[in-house]
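A short worksheet on the structure shown next.
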Amino acid sequence: MSSIHGGRTLVPIRSAQTITLERGTSTEVMFGPGRTVIDFALVKPATPVEQRADIGIGTDHVVVKGHSVAITVHTVGSKDATGGRAESIDATG
């Protein structure tokens with residue numbers, strides 16, 4: 001919503017939408033002229049972070065030697081991460 005008259009009047013910029021807010025992801029936000037008000041409401045709680053599987057790959061865990069790439073994936077979450085696969089894709093896709 002955009003606000004005119006010093007915040008006393010709210011004007012919807014577009015219809016409501018549902019987005020997923022998650023640590024490590026980005027969310028595009030557009031600010032209209034005047035004052036912008038963003039209203040968030042929790043629709044459905046996600047699994048608490050301390051109960052999720054989580055993996056991590058640091059920059060020092062990807063090693064390139066000649067035509068070979070070695071990737072080390074670590075489990076950093078509270079639960080084991082099962083399955084999955086790591087892919088190394090060049091700039092051409």
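As the structure is a computational prediction, the values presented were derived from the model and not from experiment. Numbers here simply count residues along the sequence, with the first being 1.
Under the 4.5 Å side-chain heavy-atom criterion for grouping Ile, Leu, Val, Met, Phe, Trp and Tyr, I57 is connected to V64 within one hydrophobic cluster. Hydrophobic clustering of Ile, Leu, Val, Met, Phe, Trp and Tyr side chains at less than 4.5 Å, counting indirect connections, unites V29 with F40.
The distance from the CZ atom of R85 to the CD1 atom of I71 is 12.0 Å, given to the nearest 0.5 Å. With rounding to the nearest 0.5 angstrom, the NE2 atom of H74 is 11.0 Å from the CD1 atom of I55.
Within 6.0 Å of atom CG in D60, more than 12 heavy atoms from other residues, nucleotides or ligands are found, so the atom counts as buried in its surroundings.
The minimum heavy-atom distance linking A81 with T75 is given by the pair N-CG2, 4.1 Å. Here the shortest heavy-atom pairing between R52 and A46 reads NH2-CB, 3.7 Å.
Judged by distance alone, with hydrogens and angles left aside, the side-chain atoms of D90 form a donor-acceptor pair with the main-chain N or O of T92 at under 3.5 Å.
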